[in-house]
Structures are given as C-alpha cells and as structure tokens.
S.K.: 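The structure that follows is given in the form of structure tokens.
Residue numbers run from 1 in the order of the sequence given. Every heavy atom of this structure was used, including side-chain atoms; hydrogens, water molecules and symmetry mates were not.
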Amino acid sequence: MPGVVDLKRKNTTPLKKQNPRGAAARSVAKKAEKDAAIAAALLLKQNGGDPSEFPTPPGSASSKDGNASVSSPMDIPTPSPTTGSSSGLSIVAPSTSQETTSSSTPILSPLAPPSSSASQTSSSKPTSKPSTPKGSKPSTPRPRKDPDTHPYTRGSIIECLYGGPSGTPMLCDVIERSQKVKPTEADPEGGEWKYYVHWHGLNRRMDEWVGTQRIVSTPSVAGGKYKKVEGERKRLEAEGKKEREKKEKELRERREREGRDRGGAGGVEKEGGRRRTRRSGQEDEREDDETKSQEGERDRGLVNTMAVAEIDEHEGMDEASLREHEEVTKVKNVASIVLGAYKMDTWYFSPFPKEKVGEFTECLWIDEWTMNFYTSAGAMTRDRGRINRRHPPGNEIYRKGNLSMFEIDGEGEREYCQNLCYVAKLFLDHKTLYYDVDPFLFYVLCESDDRGYHPVGYYSKEKYSDVGYNLACILTFPCHQRKGYGRFLIAFSYLLSKKEEKVGSPEKPMSDLGQQAYKPYWTSTIVDYLVQKSGRSEISIMEISKDTSIMAEDIIFSLNQVGILKFIHGEYFVSCEPSILSHLSKKHPTKPPHIDPSQLHWTPYLTDVRRDKFSIHNKRPTYGDGGNSRITVTGEFGGGRGGGSGAMAR
C-alpha cells in the first residue's frame, strides 16, 4: 500500500542503523505513552474504579498483590492505521504519522488504553507530566500589559506639556521612570509615577522629569501622532530632494548650453594667461547677489568656492563610545543648583560623589568662593562662617572696572578645581576632566561688588600642550550668558598666547555652544585686522596669525565661513572688494566688554621645553610663485587709502 514499507521485501538493514534519529524519537514517544498509561490508571483509581478493570494486554505480568499492573505501552495493542495482513513488520510513512499527530486531541478514557497519538497529545494535560527538555524550565505565558497603563515602558512615545503645566504639547521619548513614593507593605502600589523624557527636536540639555499631570496623550495615541508627523516629514524631505535635483539638473544643462554657445570675439578675452568670459548685465540682474557672485566666478573659470567644513562636536568618538557616553549620562542626577544669588536648572549629568549627593538631588547649594557643594542651605551657611576669603583662591592677574581674572594652579588648589569641574559638567555634555587637574591652569572671571568677587565663568588650559591648544574647557554660567563674557574669556586666552609669543587654538572637538562663541570671535577679529591693514600691498596668513595668535587653520576656516575664500591652482584666493569688507565689518563687529592689555599683570608659565613649534619666532612667511597657502586679496580696503590693487598672503 502507498505509504507503507515492508522491510522483509524492501530492505533487511537493521532499523537502528537505518535511521538513528527515528529510534530516538520512538524512545521519547514510548516514554510519553507509558506516562500517559500510568496517568490513566491513577485517574481511574481516584474516580472509585478498580485498577484491575483496566484491560491487561497479552504478555503483561501481574503485581505481587494480585492486581494487574500497568503494562508497557509498547505491549498495548493499538489500532493499525492501515488495513491488510498483520504479518511482518511495517513502518508508517512520515506523511501518515504527521497526519495522525496533527489530529484533534482525543479524550482520555479510563476504560481503554490510549493510542499512540492520544498519549502524545495528552502529555500536555495538567494530570500528566509535561515533556520538556532537560535543563529547561517550562515557560508560562505572561498576560500582555496594556501600554496605556502606568508605568509606561522605557522607549515609549508620549505627549506632554513642554515648559510646565501651562506649556505647549510636544512629543517626547520615555528614557527612565520612577515613583515619588516607593512601594511598601502598607502601600504596595506606591506613589505617583514620574518619567524622565527627551523632547523631540530639542537638545539633550532640555531633558527633564515630568509628572502624570503634564501628560496629554498616552503611548497608543502619541504613537499614532508620531507616525503621522514622521510620514509628513519624510514626504517633505523627499519633495525637497526632488526639487534640489531638478534645479541642479537645470543649472547643469544651462551651463553646458552656455559653454557650447561661447567662443565669440566679444565674449572671450585672455588676461594674465587665464581665459575669462564676461557675462551680460541682463543675466546678472536675473540672479540674486550670492548666486551671481559664485556662479559668475565659476563660469569665468577663475575660482572655485571651497566647501565649508563644519566642526563636529562628536569628532574622535566612535559609535560604541558615543552610545556608552549617552547611556551613562542619559539621566540627570541634579535638577538645579544655587550659585550666589542665582538658581539655575542643570543641563547634563555630573559624576558627583554618591555618598554626598545620592542618586538624585533636587537642588545643590554651591559656595561661590570654595565651590564646595551642599544638599541644604544651612550646611553651606555653617561652613561659610569658618572661611574669611571672599574671592577665589589663586592670584588676581587682571582687573578693570568690576571685572577681575584669577589664575589658579590645579596642583596647588586641587579640591577647588575638582569641585569647579563637577559644577561645570552640569552644563557641558562632553567633559572628561574630573580628578586629574594637576597639569592644568584655571582662569576664573569674576564680577566684584562690596560683598566680594562672584564667579561668572572660567576657562582652563594645559600648562604645556603638544598640539598648541591654548584653551581646554570654557564655560559661562547660564545666569550670566548673553553678556559678552564668553567672548571676553576667548579674547583673554589669545591675549595670554600673545604674551607667550605663541599661536593657539581651542581644544577640539568643540561643543555646539563653543562653536557659537568662537566663530564670531574669529571672524570679527580677522575682519577688523584686514580693515586696519588695508594699506598693505602684501599680507600673509602667517602675519595675521602672528599678530592675532590665531592658528592658520582657524583663519582659513573663518574666511571660508563668511564665503570669501576661494581656491585656484593649488592656492587660496580671497575675493573681497571694499564694499564687501565694509559690509562684513558691520555684520561682525568687535563687541564689548573689551580687554585692556595694559591691565594684565602676568608672566608666562615656565616649562622645560626648549623649542616650541607653536612659537611665533618659528613662523617664517615666504613669498614666491609656489606653495599651497598663498592668499590673494583683491580690491582696495578702507575706501581707497592706498595699497594698490590687492594683497597676497600665505
């Protein structure tokens, strides 16, 4: 018959050698059938029946007390799935076995021995022993939790009021969760839940804890809103990409068409060995100023605009390091601090000692003059009574008006500098200086009044830097921002570099706020220098670097940022007409407060380095036709105060 193999006719190979996996499967099935038969006998006995009524298969042995023992399941005759002669050994084909196993589960009858298929399926009954692999525990399915019930799972998207109970609804991600009152035996539910959230579209510094009263939409509702917003964003992004590609294609085709139409005597002239093409005034009037200047220069074959290289604040960090950093610092451990007369909300995590601060603190009190931190105002007041000093430690090296600068050696005032770094980390994302402060000098800017000197910001620098860094970390406290103190600290760092007769640059990568402070300073300083030196016929980058102590790479970066730096034949070229320079000087002015170098009383820190490659005495500008650092500045500066047609710079 189909599906049946007669071993006497087809094959005489022993079964164990023929299919060892099948033998193992039959052994497992045999054990399951035996367990099912025992379970059936026990069930019959519990129901008041006599186990002797259980039919004993032929060849089974009786127990000593006379009752019929349960025989082996292999001895129980089972109905054959096939018809025909029972002589000889027959094996059911796999297809027939699968059909038998997948049939509905039969009801276990105590009056009849279970069949092979019934014994396999009845093993999952509560009355039988479940057949599970050795070393593994039976898994019990857990009821699925409603996503809209508290507490919400980490990673859920909810909608909360940004800015307080009367704020604007915004989508946010749940990063962490906590209860205001921990569960106890008396109150198993615990207190109200609160969530640490990250607002969509905002920096990590805006992350905060929110309570349930500020939640507008639950995860199921907010998830649908997020999908809708994300779909709209992707659609607009795709449309913008298509529009840009279309414009680029049209511009490319127009240039190719104009290139084929060129060649007339009136349209082409040779000047200085280079081929120039004059464009008509009507074409220039149809374009805006920025596109006209850049595209016109490209079409004349004169210069190419350099791509602006943005500074990445995560530069030098791989994905693994970045993920580890975000995981460690994802939740703030201090909500706010009190420094002097100001209370400030913190931005980031800071590794304060847990034995002093704990896992989370709502507010820390910071002593202005020692930078010690306390969890209560009373403790700070008691300690302050034992201190007579009303200014930071160290030496006062600059004073003008109500501004003073103090220089502090990290090796001599280790505790103060470490505490200052702890406080600074609350407002800086990437900062690794916590304990090893000995190789650094700290410069603290203070406002003075009749009560003492109050710190408003600081910066640190290495005593000696192998890569020419004149600033390692800079911070203006949020309560004193937008007053020009960040620019003042940057200018002061370059003033010390001038005093040391060196060129310097800030430590990279810079944070986003650091870039916002340095870019305007570099641009305004360089533009102001070009205006002052407008009468010169030749200016080199090295001269600008020596006079301003700004590193040459930062000068090139700043000129490229304002859009006047071009590149031709391996040399830099600055196209800066007097009108453009005048416009830049008005757009990027030097803002107060200004530094008075005559009020600086300071001598450079002595090191054992005999030859410093960043010393301005090692910078030798050379003039000539070669070199990749030449810069040519066209046009007269300062409204024609002399100086010829231009200036060259390396």
S.K.: Please say which of Arg487, Gln515, Lys587, Lys591 ends up in a side chain to side chain contact (heavy atoms under 4.5 Å, CB included) with Pro520.
M.R.: Arg487

S.K.: Is the side chain of Thr375 donor-acceptor paired with the backbone N or O of Val357 at a distance under 3.5 Å, no angle test?
M.R.: no

S.K.: Side chains of Lys425 and Pro351, heavy atoms from C-beta outward: is any pair under 4.5 Å?
M.R.: yes

S.K.: How many angstroms lie between OG in Ser178 and CD in Glu192, if you round to the nearest 0.5 Å?
M.R.: 11.5 Å

S.K.: To check you understand the geometry: which heavy-atom pair defines the closest contact between Cys160 and Ile158, and what is its length?
M.R.: SG-CD1, 3.5 Å

S.K.: Is a donor on one side and an acceptor on the other found under 3.5 Å between the side chain of Arg204 and the backbone of Asp429?
M.R.: no

S.K.: Ignoring hydrogens and angles, tell me if any N or O in the side chain of Thr153 forms a donor-acceptor pair with the backbone of Ser156 under 3.5 Å.
M.R.: no

S.K.: What's the shortest heavy-atom distance between Thr218 and Tyr152, and which atoms?
M.R.: CG2-OH, 3.7 Å

S.K.: Looking only at atom types and distance, does a side-chain atom of Asn333 sit under 3.5 Å from a main-chain N or O of Gly358, one as donor and one as acceptor?
M.R.: no

S.K.: Looking at Ser460 and Leu441, would you say the former's side chain and the latter's main chain have a donor-acceptor pair under 3.5 Å?
M.R.: no

S.K.: Would the distance check show the side chain of Asp173 and the main-chain N or O of Ile175 forming a donor-acceptor pair, the cut-off being under 3.5 Å?
M.R.: no

S.K.: Please check if the number of heavy atoms outside Arg482 that lie under 6.0 Å from its CZ is greater than 12.
M.R.: no

S.K.: May I have the step-by-step check of side chain to side chain contact (heavy atoms under 4.5 Å, CB included) for Met405 and Leu489, ending in yes or no?
M.R.: CA-CA 9 Å; Met405 186 73 74; Leu489 291 170; 3.8 Å; yes

S.K.: Quick one: NZ on Lys194 to CD on Glu176, what's the gap to the nearest 0.5 Å?
M.R.: 11.0 Å

S.K.: I need the minimum non-hydrogen distance between Gly410 and Asp438, along with the two atoms involved.
M.R.: O-OD1, 3.7 Å

S.K.: Taking the side chain as C-beta and beyond, is there a heavy-atom pair between Cys479 and Leu339 under 4.5 Å?
M.R.: no

S.K.: I need the minimum non-hydrogen distance between Pro392 and Cys446, along with the two atoms involved.
M.R.: CG-SG, 3.6 Å

S.K.: Between the side chains of Glu245 and Lys242, is the shortest nitrogen-to-carboxylate-oxygen separation below 4.0 Å, so that they form an ion pair?
M.R.: no

S.K.: I'd like to know whether the aromatic ring centres of Tyr521 and Tyr494 sit less than 6.0 Å apart in this structure.
M.R.: yes

S.K.: Taking the side chain as every heavy atom from C-beta outward, state whether Lys483 and Phe488 have any pair of such atoms under 4.5 Å apart.
M.R.: no

S.K.: Using a 6.0 Å cut-off, check whether atom CD of Glu230 has over 12 heavy atoms from anything other than its own residue.
M.R.: yes

S.K.: Could you tell me if the side chain of His200 sits less than 4.5 Å from the side chain of Met170, heavy atoms only?
M.R.: no

S.K.: Set out, in order, the CA-CA distance, both residues' side-chain angles and the distance that settles side chain to side chain contact (heavy atoms under 4.5 Å, CB included) for Ile408 and Tyr458, then state yes or no.
M.R.: CA-CA 11 Å; Ile408 306 168; Tyr458 89 101; over 6 Å; no

S.K.: Determine yes or no for a side-chain-to-main-chain donor-acceptor pair under 3.5 angstrom, with Gln481 supplying the side chain and Thr476 the backbone.
M.R.: yes

S.K.: Would the number of heavy atoms belonging to other residues, nucleotides or ligands and lying under 6.0 Å from CZ of Arg235 be above 12?
M.R.: yes

S.K.: Identify the heavy atoms of Ala377 and Trp365 that sit nearest to each other, and give their distance.
M.R.: CB-NE1, 3.5 Å

S.K.: Does this structure show an ion pair linking Glu208 with Arg214, if we count only N-O contacts that are shorter than 4.0 Å?
M.R.: yes

S.K.: Supply the atom-to-atom distance Arg382 CZ to Tyr374 OH, rounded to the nearest 0.5 angstrom.
M.R.: 10.0 Å

S.K.: List the steps, then state whether side chain to side chain contact (heavy atoms under 4.5 Å, CB included) holds for Arg205 with Asp512.
M.R.: CA-CA 12 Å; Arg205 66 174 66 99; Asp512 54 345; 3.1 Å; yes

S.K.: Determine, for Glu232 against Lys228, whether the closest basic-nitrogen to carboxylate-oxygen distance falls under 4.0 angstrom.
M.R.: no

S.K.: Side chain to side chain donor-acceptor pair (under 3.5 Å) for Lys461 and Ser493? Distances and angles first, verdict last.
M.R.: CA-CA 9 Å; Lys461 61 174 291 187; Ser493 67; over 6 Å; no

S.K.: May I ask you to test the Phe492-Tyr459 pair for a side-chain heavy-atom distance under 4.5 Å?
M.R.: yes

S.K.: Which atom pair, heavy atoms only, marks the closest approach of Leu171 to Tyr226?
M.R.: CD1-CA, 3.8 Å

S.K.: If you round to the nearest 0.5 Å, how far is OG1 of Thr370 from CD1 of Ile387?
M.R.: 4.5 Å

S.K.: Is a salt bridge present between Arg233 and Glu237, judged by a nitrogen-to-oxygen distance below 4.0 Å?
M.R.: yes

S.K.: Does any N or O in the side chain of Asn560 come within less than 3.5 Å of the main-chain N or O of Ile556, such that one atom is a donor and the other an acceptor?
M.R.: no

S.K.: Quick test of your reading of the model: are Lys508 and Asp554 salt-bridged, counting only N-O distances below 4.0 Å?
M.R.: yes

S.K.: Is Asn372 close to Met380 at the side-chain level, that is, under 4.5 Å between some pair of heavy atoms?
M.R.: no

S.K.: Run Tyr195 and Ile215 through side chain to side chain contact (heavy atoms under 4.5 Å, CB included) and show every step you take.
M.R.: CA-CA 10 Å; Tyr195 301 93; Ile215 298 177; 4.0 Å; yes

S.K.: What is the ring orientation for Phe427 with Trp347, classed by angle as parallel under 30°, tilted 30 to 60°, or perpendicular over 60°?
M.R.: perpendicular

S.K.: Return the CZ to CG distance between Phe373 and Asp367, rounded to the nearest 0.5 Å.
M.R.: 12.0 Å

S.K.: Distance only, no hydrogens: is a donor on one side chain within 3.5 Å (strictly under) of an acceptor on the other, for His454 and Glu447?
M.R.: no

S.K.: Between Ser505 and Met551 (side chain of the first, backbone of the second, donor and acceptor by atom type, cut-off under 3.5 Å), is there such a pair?
M.R.: no

S.K.: With a 4.5 Å limit on heavy-atom distance, are the side chains of Asn419 and Val423 in contact?
M.R.: no

S.K.: For the pair Tyr416 and Phe442, evaluate ring pair (Phe, Tyr, Trp, His ring centres under 6.0 Å) and give the outcome as yes or no after the intermediate values.
M.R.: CA-CA 10 Å; Tyr416 177 90; Phe442 293 80; 8.2 Å; no

S.K.: To the nearest 0.5 Å, what is the distance between CG (Asp345) and SG (Cys363)?
M.R.: 9.5 Å

S.K.: Report yes if some heavy atom in the side chain of Tyr348 is under 4.5 Å from a heavy atom in the side chain of Asn203; otherwise report no.
M.R.: yes

S.K.: Please check: side-chain N/O of Thr149 versus main-chain N/O of Asp146, any donor-acceptor pairing under 3.5 Å?
M.R.: yes

S.K.: Name the orientation class of the two ring planes belonging to Trp522 and Tyr518 (parallel below 30°, tilted from 30 to 60°, perpendicular beyond 60°).
M.R.: tilted

S.K.: Salt bridge between Asp207 and Lys332, side-chain N to carboxylate O under 4.0 Å?
M.R.: no

